[in-house]
Amino acid sequence: DVRLVPQRFVAQDGRDVWSSNVVKMPCSPSSSMVKSGWTGSGPVERWKVISKHLGALSSRSEADVADVQKAIMKYNPKYEKQWLFDSLASFVKVIPKEDNYLPSLFPKMAALALKLPEHVKKAIPLLSAGRTAAVTLSQVQISCLLANAFFCTFPHRNACGAHTEYWGLPSINFTSLFGKTSQRKRQKLRAIMQYFKEVTDSPPRGLVTFERRCLSNAELPDWTSSKKKLLQLHVTSQGSIEDDGVGMLQVDFAASLVGGGVLNSGLLQEEILFLIHPELIVSRLFTERLGDNECLIITGCQKFSIYSGFGDRFEWVGPCVDSVGRDEWFRLQRQIVAMDALHFKHPSEQYDVRKVQRELNKAYCGFKKVGAGEPDVATGKWGCGAFNGEPQLKALIQLMAAAEAGRGLAFFTFRDEKTKRDVEQMYKLLVREDVTVGQLYALIQDYCRLRTHGGSGVDLLQFITLRSSRSQL
Ligand code: APR
């Protein structure tokens, strides 16, 4: 399952080096340095500076935001005028005095960050575009990597000023969360600091696997000729994917750079998922932008927080005791698939067969089974919020992809009663008529033609109902 890093990218003994095929760590020695026993300036020198300042922080019993800022700016001097810390400072102020765990937490986090050379000895491969590959990390390694992200130690991995070499990778340093204060950021920081509090108090002991799945054209279904029939569907307006889809493959309504705006102001389904399971954030360290036939599957991440609300109403409610069992790899039995829908500037753009096909392939890539006994999928209005998709069409696309992959669907409409009724009705009709995926594809093609010729007054359900009444399904 774990793809080993090809030998030419790492030192002979598999140790980490500074190379563009693996994650460049703040403490990575360059390959030429490894060979020559080099001692000059460069990444090694920077790690010395980091060690000095985080070391000083870690040796204290208490530290405040000004101390954290001072340390971070010592090894990021070129951002002196750009990086702000008002958000972190205002977050600290809203924590009730009696449970202000932060002053003692900052030193513990600095100590954890400094354990990087000890915890992560081998190079972490990049999950690069166009290749199926997996990385498995222990939860302790993840906590150490995220502590480094918090202290902004990763070279060239900031939201602003990203080096061109890194354009295809998400940002990982937490700088954007620390400045430009807002209620959103305060709540986000509560969830993130809760995570650090728990992992520094009692280090978690499991593993987490991150698998980038890339399907070749030959592996994609021929939608026009598919004879597959729709499988089971359960639609509900109650509950959420992450709470009520336990034990199922849970869909992350992702951005192509996984995690979307989690380290900035974004607070929609994906960002919330990343905040309550912060280990997901580490995927940003090594997952290049997802292509049309790719997705990222994460197995084993832990839930650390409970929340309420969505967007501006998001609130951190409290810590969570994760009661999910573990598999034979000691991974928590939670599987999440990050799949990015198309972002339509205008909803009318989605009624284009090529775009429908792209969405079918993307959903199929996410839902494809690799073995027997894989669970059904927990999903919902994928691509229908920030990305402007239409729920009836997206539900049908996901049903078709699930049928092709051999999985049932649980569809959470997230309190949207109309979509619940529409999707249920559409499903009943299609199952009654015993349609195949290929017939549905042809039907969507007809519907797209209607929409591009001005038939915007008829929704997909009405169109299907009409065709059914004329026995034209
Ligand atoms: N469970 C089920 N449904 C949910 C949940 C949840 N936990 N959270 C939200 N929803 C519903 C809401 O009705 C929401 O409007 O899913 C809809 C779509 O959610 P979005 O997050 O807007 O998804 P999408 O349109 O795919 O936008 C993706 O948003 O979060 C960013 O990084 C992400 O850039 C990407 C974009």
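Keep in mind that this is a model prediction, so the values were computed, not measured. Residue numbers count from 1 along this sequence. As the structure lists them, so they are numbered: ligands from 1, and atoms in each ligand from 1.
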| request: Check the side chains of Thr181 and Arg186 for a donor-acceptor pair under 3.5 angstrom, ignoring hydrogens and angles. | output: yes
| message | Is the shortest side-chain heavy-atom distance between Leu396 and Met400 below 4.5 Å? | response | yes
| query | Is there side-chain contact between Phe314 and Arg184, with heavy atoms separated by less than 4.5 Å? | reply | no
| query | Would Phe310 and Phe414 count as a close aromatic pair, with their ring centres under 6.0 Å? | reply | yes
| said: So if I only count non-hydrogen atoms and take anything under 4.0 Å from ligand 1, which residues does that give, chain by chain? | reply: Ser240, Ile241, Glu242, Phe253, Ala254, Ala255, Gly260, Leu268, Gln269, Glu270, Glu271, Tyr307, Phe310, Lys381, Gly383, Cys384, Gly385, Ala386, Phe387, Phe414
| Can a donor-acceptor pair be found between the side chains of Asp422 and Gln392 at a distance below 3.5 Å? | yes
| request: Kindly say whether the aromatic ring centers of Phe178 and Phe150 come within a distance under 6.0 Å. | output: yes
